[in-house]
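Take a look at the structure set out below.
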Amino acid sequence: MEIRTASKLEKILKNGHMAVSSECGPPRSSDAKGIIEKAHLIKDHVDCINVTDNQTSVTRLCSLAACIHLKHEGLEPVLQMVVRDRNRIALQSDILGAASFGINNMLCLSGDHQSFGDHPSAQNVFDLDSIQLIQTSRYMRDEGKFLGGGDIEKPPNMFIGAAANPFADPFKIRVPRLAKKIAAGAEFIQTQCVYNLEKFEKWMEAVVERGLHEKVFIMPGITPMRSVAMAKYMAKSVPGMDVPKDVIARLSGVAKDKQADEGITIAVEAIERLKQIKGVAGFHIMAIEWEEKVPEIVERSGLYPRPIVD
Amino acid sequence: MIVGEQKPFDEIWAMVKEHKQITVFGCNTCVSVCHQGGNKEAEILASLLRMMASQEELDIVIEDSGIERQCEHLFFEKVNEKLQRSESVLSLACGIGVQFIAAKYPNLPVYPALNTTFLGDVQADGLFTEKCQACGDCLLGVTGGICPVSRCCKRILNGPCGGSTNGKCEISADIDCAWQLVVDRLEALGKLDEYEKIIPIKDWSKDRAGGPRSFKLEGF
């Protein structure tokens with residue numbers, strides 16, 4: 001497969017390795033120390049690190065600046081970009097800015113609605129949607145042009161990703177929606193956290209049936225549960241999250257001080273089972289404010305050591 | 001039609017109480033349908049203000065009046081004289097009517113009694129729902145007759161987002177997911193295949209973003 005960018009993630013995936021990505025959230029501070037430390041906890045066990053963009057609409061140090069900090073540490077960041085807060089002028093400008101620092105990956109997202117965050121009275125932008133952001137970033141890279149038609153002297157050269165949530169409704173368009181993102185230009189997909197393995201398998205079956213797994217690299221999302229309380233919260237209060245009752249029952253069945261260990265084991269077992277599915281190209285391990293557990297999950301899942309690509 | 005909601009009474013009172021005379025002025029078209037701004041509501045609001053004035057022992061003359069539409073010169077003929085001798089007007093029209101009065105009577109203070117809330121329909125008795133944002137470039141032809149601009153909280157043109165659950169929006173179980181409705185409609189019309197066509201990046205210059213809009217009929 002032709003390597004198009006300088007992205008390490010692209011090289012790993014196109015060389016046929018199972019990729020592992022993870023995720024760090026920037027701090028609510030002008031001091032980037034927190035995210036740099038988190039990234040160092042996981043850097044030897046993952047191929048790249050997503051940096052979230054004001055996740056849940058809570059204002060934080062910006063994703064682009066945090067990516068630059070990680071890049072300066074010699075790490076491989078994935079710039080998450082939501083279309084909630086910036087119009088096409090700002091988005092394109094940030095893409096150029098990111099590329100100018102050698103940030104080689106971006107993930108195009110809608111973003112949570114501002115009503116979930118710390119500024120519910122904010123205006124939202126949504127000049128583009130996430131699919132149109134994928135189109136925009138591919139157009140800038142492949143055609144060397146801005147949306148407005150002007151030429152980009154040195155186009156950004158980034159590996160372009162998107163999210164997919166197989167568990168949101170309506171289920172019947174979840175595969176067509178993936179097809180739309182691929183048609184828009186998505187090259188890799190990181191999914192919503194997978195707990196309902198049967199439903200994910202059903203979705204992947206339909207993905208493979210349409211041959212979509214040959215057009216995009218699909219990385220299921222894995223988030224270990226720290227406690228039964230977290231599982232219940234995610235089941236009840238996180239939109240688009242599917243936490244089956246048996247996961248909650250399994251966590252409830254162990255003593256409180258063992259629930260975190262059980263959560264890790266559930267995550268490892270999920271990876272082992274999902275690895276067997278045709279079309280799964282890697283894993284996106286999101287250990288929310290629990291980054292120190294990523295190495296253990298990666299090692300126990302047989303995904304360590306990470307391949308070396310140049 | 002345009003839907004409005006009366007402002008909290010205290011807010012209205014604070015705006016107008018400095019005056020010695022107030023004409024409480026109804027608009028008997030759109031905002032009368034939602035029982036917020038018609039001539040009847042003007043009458044009721046005027047009596048509430050009179051009671052308040054008397055409670056606070058303020059000597060204010062409060063009269064009520066109204067016309068069919070506060071957004072067109074034609075309808076002002078019969079009240080022109082009354083408005084000209086008013087010291088202030090409390091308009092129960094939408095923001096359009098309030099501004100029409102401000103432009104028509106340059107020296108007359110005018111206050112809004114309503115918050116203009118949205119362009120909507122009458123879903124059921126007493127239930128009004130937003131259906132249009134006047135974006136200036138209608139997409140309903142490709143979205144099965146459901147508007148994602150006004151009805152999706154993220155106005156996603158290629159939805160739904162990952163937060164759609166059981167037909168409802170991620171922000172509230174009281175809000176239908178517009179894209180669930182689009183998908184259901186396309187399916188009912190036998191056009192679900194069209195879901196996969198990407199709706200192109202929108203030209204928002206025809207929306208509010210492009211500045212105040214107007215159009216002129218030629219030959220008038």
Side-chain angles (χ1 to χ4, degrees), chain A residues 56-57 82-84 87-88 91 109-116 120 123-136 139 147-148 162-185 191-193 210 221 236-242, chain B residues 133 135 137 139 142-144 146-188 191-210:
Chain A
T56 63
S57 296
V82 303
V83 293
R84 176 191 62 227
N87 69 7
R88 66 191 74 177
L91 290 166
L109 302 165
S110 306
D112 297 310
H113 193 266
Q114 72 278 6
S115 59
F116 293 104
Q123 177 65 279
N124 59 29
V125 180
F126 297 112
D127 178 19
L128 309 181
D129 64 24
S130 61
I131 286 182
Q132 294 167 343
L133 179 60
I134 300 168
Q135 286 182 315
T136 301
Y139 186 65
L147 288 177
N165 184 359
F167 309 106
D169 290 320
F171 186 69
K172 62 178 165 249
I173 55 88
R174 286 293 144 192
V175 174
R177 184 159 173 74
L178 176 69
K180 255 177 123 160
K181 290 194 173 184
I182 295 168
T191 79
Q192 175 65 287
C193 316
R210 283 189 58 168
K236 192 167 169 264
S237 307
V238 180
M241 189 73 74
D242 183 346
Chain B
Q133 284 192 357
C135 73
D137 190 12
L139 287 168
V142 292
T143 56
I146 312 285
C147 172
V149 176
S150 57
R151 299 176 69 182
C152 167
C153 297
K154 301 177 186 172
R155 63 176 188 194
I156 292 179
L157 300 188
N158 295 282
C161 74
S164 179
T165 308
N166 298 321
K168 299 296 177 186
C169 173
E170 71 175 23
I171 79 164
S172 163
D174 297 329
I175 299 172
D176 289 329
C177 168
W179 272 95
Q180 172 83 51
L181 299 175
V182 173
V183 168
D184 290 348
R185 268 283 287 180
L186 291 176
E187 193 174 30
K191 290 182 167 180
L192 199 51
D193 288 354
E194 292 191 10
Y195 171 77
E196 287 199 31
K197 289 184 187 158
I198 296 176
I199 295 182
I201 292 172
K202 192 168 168 67
D203 175 2
W204 292 109
S205 73
K206 293 170 181 175
D207 180 64
R208 174 209 60 80

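By convention in this document, chain letters (A, B, ...) are assigned in the order of the sequence lines, proteins followed by strands, and residues within each chain are numbered from 1. This is a predicted model, so every value here is computed, not measured.
Using a 4.5 Å cut-off between heavy atoms, Leu109(A) does not touch chain B at all. Contacts of Gln192(A) with chain B are absent, with no heavy-atom separation under 4.5 Å from either backbone or side chain. Proximity to chain B involves both the backbone and the side chain of Asp127(A), based on heavy atoms less than 4.5 angstrom apart. Contact of Asp184(B) with chain A is made through the side chain alone, with heavy-atom distances under 4.5 Å. Interface remark: Ser130(A) contributes no atoms to any contact with chain B (heavy atom separation under 4.5 Å). For a residue to count as touching a neighbouring chain, one of its non-hydrogen atoms must lie under 4.5 Å from one of that chain's; by this rule Lys168(B) does not touch chain A. The part of Gln135(A) that comes within reach of chain B is its side chain, from C-beta onward, which places non-hydrogen atoms under 4.5 angstrom from that chain. Interface residue Ile173(A): backbone and side-chain heavy atoms are both found under 4.5 Å from chain B. Using a 4.5 Å cut-off between heavy atoms, Lys172(A) touches chain B through its side chain atoms alone. For Val83(A), no part sits under 4.5 Å from any heavy atom of chain B, backbone or side chain. Within the 4.5 angstrom heavy-atom criterion, atoms from both the backbone and the side chain of Asp169(A) approach chain B. Neither the backbone nor the side chain of Arg84(A) comes within contact range of chain B; no heavy atoms are under 4.5 Å apart.
Minimum interatomic distance between Trp204(B) and Phe126(A) (heavy atoms only, all atoms of both residues): CZ2-O, 4.1 Å. The heavy-atom pair separating Arg88(A) from Lys202(B) by the smallest distance is NH2-O, 2.7 Å. Nearest heavy-atom pair across Ile199(B) and Gln132(A) is O-NE2, 3.0 Å. Glu170(B) and Pro239(A) get closest at one heavy-atom pair: CB-CB, 3.5 Å. Here the shortest heavy-atom pairing between Cys161(B) and Arg174(A) reads O-NH2, 3.3 Å.
Arg208(B) CZ: 12 or fewer foreign heavy atoms inside a 6.0 Å radius.
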If you apply the rule side chain to side chain contact (heavy atoms under 4.5 Å, CB included), what do you find for Thr165(B) with Phe167(A), and how did you get there?
CA-CA 9 Å; Thr165(B) 308; Phe167(A) 309 106; over 6 Å; no
Given side chain to side chain contact (heavy atoms under 4.5 Å, CB included), test His113(A) with Lys154(B) step by step and report yes or no.
CA-CA 7 Å; His113(A) 193 266; Lys154(B) 301 177 186 172; 4.2 Å; yes
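Considering only heavy-atom pairs separated by less than 4.5 Å from chain A, the leading option among Cys169(B), Cys153(B), Gly162(B), Pro160(B) is Pro160(B). Among Val125(A), Asn87(A), Asp242(A), Thr136(A), the residue with the largest count of heavy-atom pairs under 4.5 Å with chain B is Val125(A). When each of Asp207(B), Ile156(B), Ile198(B) is checked for heavy-atom pairs under 4.5 Å with chain A, Ile198(B) comes out on top. Among Pro170(A), Ala168(A), Gly240(A), the residue making the largest number of heavy-atom pairs under 4.5 Å with chain B is Pro170(A).
The closest donor-acceptor contact from the side chain of Arg177(A) to the backbone of Asn158(B) lies under 3.5 Å.
Considering CG of Leu133(A) and CD1 of Ile201(B), their distance stands at 8.5 Å, rounded to 0.5 Å.
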